[in-house]
2 protein chains.
Amino acid sequence: MKEIRTEQPHCPVDGVMHLLFAKWSAHIIWVLGAEGAQRFGELKRRLDPISTKTLTERLRELEMGTLLHREVVATIPPQVTYSLTAKGTAIHGVVDQLVVLANKWESETPNDSMQ
Amino acid sequence: MKEIRTEQPHCPVDGVMHLLFAKWSAHIIWVLGAEGAQRFGELKRRLDPISTKTLTERLRELEMGTLLHREVVATIPPQVTYSLTAKGTAIHGVVDQLVVLANKWESETPNDSMQ
DNA sequence: CGGTATCCTCAGCGATACTG
DNA sequence: CAGTATCGCTGAGGATACCG
């Protein structure tokens, strides 16, 4: 995804949009928010057909944006746990409202809202 | 954008996600929600570097998903006005919360939230 | 004015293989 | 287990030209 701008020339919203609207990002946040902290492998299983590459990329981006926190326990084998920060939790709240709306519309209008 | 799934095999959230997470969609909804109904040309100017092709595509998709309404006045030259439906307004509310959060974080932490 | 119709590019993602 | 490294492809979207 290249850019989702909401104003010019520098839009404070761009960053969050970029972060959130990339493929899988919202889903990752939603899982971490709904199920709590998860390790890399659990997360991957939970998101099913996601590739390791993409999952790693998204997690790094979200960490950079301080939406989640990465905690490493350097055992063998290593354990890496991801959890939402306060920012991430706030975003999760918004995403969840989207989910609530979508579910409501699905049950109200089983056939007219989408092709 | 291909798929943003949040569950398998059929997820009611997919439709809205698809719709909203496509490039420019959120921005379009945000403009229509904040400024009210707009004609095609106004919208295009407001979104600046968007191409006619993409704008048309997004508008059609959002209309299909009944997030917005398309009203044609067949004068010469024609007038086509787009406005949010109830669904669209609900989505706009959610998007706006995202904008509020983003602005808040921008002013709080001018340098640590994004690269 | 409000669109279609083409063409083309490129970056985002998946698949696969390998590593500390 | 939790990644990194390559490679290759696909399709979303931009540029451009034209139309009722």
Side-chain angles (χ1 to χ4, degrees), chain A residues 1-6 8 14-15 17-29 31-32 37-65 68-83 115, chain B residues 1-6 8 14-15 17-29 31-32 37-65 68-83 115:
Chain A
M1 184 169 293
K2 194 170 295 183
E3 50 171 338
I4 297 182
R5 46 176 51 217
T6 306
Q8 292 93 354
D14 268 13
M17 289 304 190
H18 239 93
L19 227 47
L20 189 60
F21 282 41
K23 201 177 174 182
W24 294 107
S25 293
H27 196 179
I28 291 171
I29 289 176
V31 168
L32 287 177
Q38 306 264 323
R39 292 177 53 186
F40 187 89
E42 301 176 294
L43 217 37
K44 179 152 167 42
R45 260 171 265 122
R46 201 84 184 63
L47 299 168
D48 195 32
I50 196 175
S51 64
T52 50
K53 186 201 169 203
T54 301
L55 180 53
T56 304
E57 281 175 4
R58 288 299 89 83
L59 289 171
R60 291 286 180 278
E61 292 168 10
L62 294 171
E63 191 192 2
M64 288 294 94
L68 57 77
H69 180 241
R70 180 170 182 264
E71 188 171 3
V72 184
V73 180
T75 53
I76 297 184
Q79 288 184 228
V80 181
T81 306
Y82 295 89
S83 54
Q115 165 264 101
Chain B
M1 185 170 293
K2 194 172 294 182
E3 49 172 340
I4 297 184
R5 45 177 53 215
T6 306
Q8 291 94 354
D14 268 14
M17 290 302 189
H18 240 94
L19 227 48
L20 188 60
F21 283 42
K23 201 176 175 182
W24 295 105
S25 294
H27 196 179
I28 290 170
I29 289 176
V31 168
L32 287 177
Q38 304 265 322
R39 291 176 55 184
F40 186 89
E42 301 176 296
L43 217 38
K44 182 153 166 41
R45 260 171 265 123
R46 202 83 184 63
L47 299 167
D48 196 32
I50 196 174
S51 64
T52 49
K53 185 199 170 206
T54 302
L55 180 54
T56 305
E57 281 175 4
R58 288 300 90 82
L59 289 171
R60 291 287 180 278
E61 292 168 11
L62 294 171
E63 190 190 4
M64 289 293 95
L68 56 78
H69 181 243
R70 179 171 183 263
E71 188 172 2
V72 183
V73 180
T75 52
I76 294 183
Q79 289 184 229
V80 181
T81 306
Y82 296 90
S83 55
Q115 163 263 103

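Basis for what follows: all heavy atoms, side chains included, without hydrogens, waters or symmetry-related copies.
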*B/K23 backbone acceptor or donor facing B/R58 side chain under 3.5 Å*: yes
*Nearest whole angstrom, please: distance from the P of C/dA11 to the CD of A/E57.*
14 Å
*Rounded to the nearest Å, what distance is computed from the CD1 atom of residue A/I28 to the P atom of nucleotide C/dC13?*
11 Å
_Touch class at under 4.0 angstrom, heavy-atom based, for A/Q79 against every strand present_ = sugar-phosphate
*Check whether any side-chain nitrogen or oxygen of A/R58 sits under 4.0 Å from OP1 or OP2 of C/dC13, and answer yes or no.*
yes
*asked:* If you only use heavy atoms from C-beta on, which nucleotide in C/dG20, C/dT4, C/dG14 is closest to the side chain of A/S51?
replied: C/dG14
_Distance (rounded to the nearest 0.5 Å) between B/L20 CG and A/L20 CG_ = 9.0 Å
_A/R39 side chain near D/dC1 phosphate (N/O to OP1/OP2, under 4.0 Å)_ = no
*Under 30°, 30 to 60°, or over 60°: which ring-plane class applies to B/F21 and A/F21, parallel, tilted or perpendicular?*
parallel
_Nearest listed nucleotide, side chain of A/P77, among D/dG14, D/dC1, C/dG2_ = D/dC1
*Would you indicate what A/K53 reaches in the nucleic acid, counting non-hydrogen atoms under 4.0 angstrom: base, sugar-phosphate, or nothing?*
base
_D/dA2 phosphate, OP1 or OP2, under 4.0 Å from A/R45 side-chain N/O_ = no
*Given DNA chain C, 5'-ward residue of the pair A/L55 and B/V80, judged by closest heavy atom*: B/V80
*Figure out the CG/P separation between B/D48 and D/dG13, and round it to whole Å.*
17 Å
*Can you pull out how bent the helix from C/dC1-D/dG20 to C/dG20-D/dC1 is, comparing the axes over its first five and last five pairs, to 10°?*
60°
*State whether B/R45 and B/E42 are salt-bridged, where the test is any N-O pair (Lys NZ or Arg NE/NH1/NH2 against Asp/Glu carboxylate O) under 4.0 Å.*
no
*Point-to-point distance, once rounded to the nearest 0.5 Å, from CH2 of A/W24 to CG of A/L47*: 6.0 Å
*asked:* Rounding to an integer number of Å, can you tell me how far B/I50 CD1 sits from C/dG3 C1'?
replied: 14 Å
*Check if the side chain of B/K23 and the base of D/dG13 share a donor-acceptor pair of N or O atoms closer than 3.5 Å.*
no
*Between C/dG14 atom P and A/L47 atom CG, what is the distance in whole Å?*
11 Å
_What's the separation between atom CG in A/L59 and atom CG in A/L32, rounded to the nearest 0.5 Å?_
7.5 Å
*Measure the distance from CD1 on B/I76 to C1' on C/dC1 and round it to the nearest whole Å.*
11 Å
*asked:* Is there a side-chain contact between A/I28 and A/L55 in this structure, where contact means two heavy atoms from C-beta onward sitting under 4.5 Å apart?
replied: yes
*Spacing between B/K44 atom NZ and D/dA15 atom P, to the nearest angstrom*: 9 Å
*For the pair A/R60 and A/E57, find out whether any cationic side-chain nitrogen is under 4.0 Å from an anionic carboxylate oxygen.*
no
*Do the side-chain N or O atoms of A/R60 get closer than 4.0 angstrom to the phosphate oxygens (OP1, OP2) of D/dT4?*
yes
*Below 4.0 angstrom from OP1 or OP2 of D/dG13, is there any side-chain N or O of B/T54?*
no
_I need the CZ-P distance between B/F21 and D/dG11, as an integer number of Å._
21 Å
